[in-house]
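Notes follow once the structure below has been shown.
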Number of protein chains: 2
Amino acid sequence: MSSIKEIAKYIGISPASVSIYLNNKDTNRVSRETKIRIDQAVKDFNYHKNFFAKSLSTHESNLIGILIPTILPLFENDYTNALLAGIQTRLSYFGYGILFFPSSAQSSIEIVKEQLEKSAGCDGYLLFSTGFCTMNQIRKNIEEVKQTKRPFVTLNIPRVDEDVNQVLLEDLDVVSGVRYLLKNGHRNILLLLGRSKGEHSRYLKDDFKQLMEQYPAGYDDHKVLYGEYSAEKSYSVIRTALEKYPETTGICCMSDIMAASSMQAIRDSGKSVPSDISVIGRNNSIHSKLTYPLLSTIDLHMREAGLSAANLLLDTLAGNTVTQKILMSGSLVERDSVRMIV
Amino acid sequence: MSSIKEIAKYIGISPASVSIYLNNKDTNRVSRETKIRIDQAVKDFNYHKNFFAKSLSTHESNLIGILIPTILPLFENDYTNALLAGIQTRLSYFGYGILFFPSSAQSSIEIVKEQLEKSAGCDGYLLFSTGFCTMNQIRKNIEEVKQTKRPFVTLNIPRVDEDVNQVLLEDLDVVSGVRYLLKNGHRNILLLLGRSKGEHSRYLKDDFKQLMEQYPAGYDDHKVLYGEYSAEKSYSVIRTALEKYPETTGICCMSDIMAASSMQAIRDSGKSVPSDISVIGRNNSIHSKLTYPLLSTIDLHMREAGLSAANLLLDTLAGNTVTQKILMSGSLVERDSVRMIV
DNA sequence: ATAAATAAGTTAAACGGTTAACAACCAACT
DNA sequence: AGTTGGTTGTTAACCGTTTAACTTATTTAT
């Protein structure tokens, strides 16, 4: 492995000169002839700068660490992928690499701790949370990241105290789909959440309860179902629920995949969408464009949220010191899976 | 930022002792009492080891670089995501981090060069190719990675010379779906590829041609269509093709998304799947489980390919010097979208 | 009683770059 | 003649950790 010293020795100058030129081709501290000789030597030796030495010396790495407290495989979740796509697009454009660090730990807190331990040295961090995290764990994770003294932005995490940069998804903890169904005259509504544990679920359930209690039909705890974000589980849960609650006219699902599965379950129960039962999804992912009928859904703008988070982090890295909370509101995408009850 | 020196100074011992202990808690070169004091100091100072200094010193980083010659956003492609999910699962388990490095370059060769330039220092690499790459570019990229003298494994790349570790997807350049349709008696077949450029497309088209020429209906260049892996494009392409070729009884699509879109197009053309037209997809992705009727598809086992690639790389890192070509063959997943013509 | 082994450290060089401070030379200006 | 300024460099310290080689004191074995 060739080093700057070899190059320098080879052409008979000091390593400093080589370094200075390589970091600024326009420098006037190296003559034109010397520049040419350096270029040639770099080619001859197939020289590549040592990333670690450079980072050690300059205290910057052009690397952003992604902290995701999950033991599930990455890249298998629609929401996270959309977020990551946005993040990668922006960071790449500005020359930053993305680092995913592993953890063998089991709890959310331990995972972030371990990820940080191993990735110490990133210029900044993007802290995620998942459906598994409790607010307490989230808070601890934030403290942990704060300790690094590096800029970071949270994503997918409820609002916390003032001096943390956050991208907030307004519709994340709110059952906007249920509001839409209500507006369309539905009163017998099933809510299909992902996981039963975690902070998000609690918020969603509370919101649903508050909404339903305003109507005579009222709130029924048993009408909150859990599909684990999986197609199979959602299908079976909805099939049995439809038998138990034949009066159902609307289903609000917290993901498009669960919504698409619900539509299958409805069809296999001998009913049809939307004439018998209306369905609304969430995410406006590709799935919502491939169902029949086309799925109405809530677009959370995950990709844009990723872009914003990257922007905010980049700004902070560039010296902006104002803490920001970026609020992304969701928007309804009306397609063919919900009908108005008159 | 606290360093090993501060810690050492604080408790009045040499940095070496701290380092020795921190790297091996069971060492007998540090007394029990000193160990306790180090632990305490680490906590008090909230000390984290400097990743770069360590890597510089030990010449290893526990980082694997992902080289993807594409300017498209990552994490938006079913195939790549499945591959990455497999890779991440395995690498995380063995304590390796994953590094995605950016590039602003436009050509496939420049991208890999730039990615390598910036990520120099990874313990190993995973080299991908995309539909855009020509064989020539692929070969150059391989040469570029070879120069790093680091172990690497190619994925999604046709077989090249002997001393390159590769995971080969047997069904990647072959239209297995067409074979299945032929076996089921179909003779008027549309082939829906992704992109029109690139090595993969050429192979696929050749295979299709060879297959069709064995039958009286023969091969028709116009029946090879391009859906750009997008739902919208696939839909429109298939709609117009169905008008032009009403005799069509089977469509073979190179992705499940394009197949699901094709099913929409078929329905909107007033025909139905599979009674009028049979459809087969590829990837056995979640999409194939959410269509109606359920989509028959070719499972390429991308996730497993990712696992294998990671395994192979890890083996090589551990000292295994035997070059390997791992062959993954696809398998047919029969569901409800193809019918037998008698 | 003495040699060998063990425990508990220390020293100093090395990893490969970066950069502030210094220097030598020459030309130009006043 | 002396000052200023531009070119084209060099020197040496520093970034934070690791590790081979050395030291000293204390046990243990013969």
Side-chain angles (χ1 to χ4, degrees), chain A residues 1-39 41-42 45-63 117-123 148-150, chain B residues 1-39 41-42 45-63 117-123 148-150:
Chain A
M1 207 144 27
S2 53
S3 73
I4 245 181
K5 279 180 196 163
E6 283 182 62
I7 302 263
K9 202 171 165 189
Y10 177 67
I11 41 181
I13 58 171
S14 75
S17 296
V18 179
S19 174
I20 288 164
Y21 168 60
L22 256 24
N23 282 314
N24 175 16
K25 299 257 171 180
D26 294 329
T27 184
N28 55 5
R29 289 177 54 190
V30 176
S31 70
R32 200 162 346 182
E33 298 80 49
T34 309
K35 284 183 183 180
I36 293 169
R37 289 166 65 210
I38 295 177
D39 280 336
V42 164
F45 284 70
N46 187 40
Y47 169 75
H48 289 277
K49 209 176 277 190
N50 182 302
F51 170 71
F52 304 119
K54 183 186 171 101
S55 298
L56 176 58
S57 186
T58 59
H59 300 282
E60 61 171 48
S61 59
N62 277 263
L63 245 42
E117 182 72 33
K118 293 190 179 163
S119 67
C122 286
D123 291 352
T148 67
K149 313 268 191 226
R150 294 288 186 166
Chain B
M1 207 145 24
S2 53
S3 72
I4 249 182
K5 279 181 196 164
E6 283 182 62
I7 303 263
K9 201 171 166 189
Y10 177 66
I11 42 183
I13 57 172
S14 76
S17 296
V18 180
S19 175
I20 288 164
Y21 167 60
L22 255 24
N23 283 313
N24 175 15
K25 300 257 170 181
D26 295 329
T27 183
N28 54 6
R29 290 178 53 191
V30 176
S31 69
R32 196 152 355 165
E33 298 81 49
T34 309
K35 284 182 181 180
I36 293 170
R37 289 166 65 211
I38 294 176
D39 280 336
V42 163
F45 283 71
N46 187 40
Y47 168 75
H48 289 277
K49 208 177 278 192
N50 182 303
F51 170 70
F52 305 120
K54 184 187 171 105
S55 298
L56 177 58
S57 186
T58 60
H59 300 280
E60 61 170 48
S61 59
N62 277 262
L63 243 42
E117 183 71 34
K118 294 191 178 161
S119 66
C122 287
D123 291 352
T148 67
K149 313 268 191 226
R150 294 288 187 166

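The chains referred to below are lettered A, B, ... by the order of the sequence lines, with proteins before strands, and numbering in each begins at 1. Below, each value reflects all heavy atoms present in this structure, side chains not excepted, and no hydrogens, waters or symmetry copies.
Applying the side chain to side chain donor-acceptor pair (under 3.5 Å) criterion to B:Asn24, with sequence neighbours excluded, gives no partner residue. Under the side chain to side chain donor-acceptor pair (under 3.5 Å) criterion, A:Ser57 pairs with no residue, sequence neighbours left out. Scanning for side chain to side chain contact (heavy atoms under 4.5 Å, CB included) contacts around A:Ser61 gives A:Phe51, A:Ser55, A:Leu63, A:Asp123, B:Phe52, with sequence neighbours left out. Among residues two or more places apart in sequence or in another chain, the side chain to side chain donor-acceptor pair (under 3.5 Å) test is passed with B:Thr58 by none. Shown here are the side chain to side chain contact (heavy atoms under 4.5 Å, CB included) partners of B:Lys35, two or more places apart in sequence or in another chain: B:Tyr21, B:Thr27, B:Val30.
Counting all heavy atoms, side chain and backbone alike, B:Pro15 lies closest to B:Ile4 at CB-CG2, 3.6 Å.
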What nitrogen or oxygen pairs link the protein and nucleotides 23-29 of chain C at under 3.5 Å?
none

Would you tabulate the pairs of protein nitrogen or oxygen atoms and nucleotide nitrogen or oxygen atoms of nucleotides 9-11 of chain D closer than 3.5 angstrom?
unit_1: D:dG9; atom_1: OP2; unit_2: A:Ser31; atom_2: N; d: 3.1
unit_1: D:dG9; atom_1: OP2; unit_2: A:Ser31; atom_2: OG; d: 2.6
unit_1: D:dG9; atom_1: OP2; unit_2: A:Thr34; atom_2: OG1; d: 2.7
unit_1: D:dG9; atom_1: O6; unit_2: A:Arg29; atom_2: NH2; d: 3.2
unit_1: D:dT10; atom_1: OP1; unit_2: A:Ser14; atom_2: N; d: 3.4
unit_1: D:dT10; atom_1: OP2; unit_2: A:Ser14; atom_2: N; d: 2.8
unit_1: D:dT10; atom_1: OP2; unit_2: A:Ser14; atom_2: OG; d: 2.7
unit_1: D:dT10; atom_1: OP2; unit_2: A:Ser17; atom_2: OG; d: 2.9
unit_1: D:dT10; atom_1: O4; unit_2: A:Arg29; atom_2: NH2; d: 2.6

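Within the helix from C:dA1-D:dT30 to C:dT30-D:dA1, the inter-axis angle between the opening and closing five-pair segments is 40°, rounded to 10°.
Here C:dT18 presents its P atom at 12 Å from CD1 of A:Ile7, a figure rounded to the nearest Å. Separating the CD1 atom of B:Ile38 from the P atom of D:dT17 is a distance of 13 Å, rounded to the nearest angstrom. Rounded to whole angstrom, the span from the CZ atom of B:Arg37 across to the P atom of C:dA8 amounts to 14 Å.
Residue pairs that meet the salt bridge (charged side-chain N to carboxylate O under 4.0 Å, His left out) test with at least one member in residues 14-25 of chain A, sequence neighbours left out, are A:Lys25-A:Asp39.
Nucleic acid contact class of B:Leu56 (heavy atoms, under 4.0 Å, all strands): base. Among the heavy atoms of the strands lying under 4.0 Å from B:Tyr47 are primed sugar atoms or P, OP1, OP2 only; no base atom is included.
OP1 or OP2 of C:dA7 sits under 4.0 Å from a side-chain N or O of B:Asn28.
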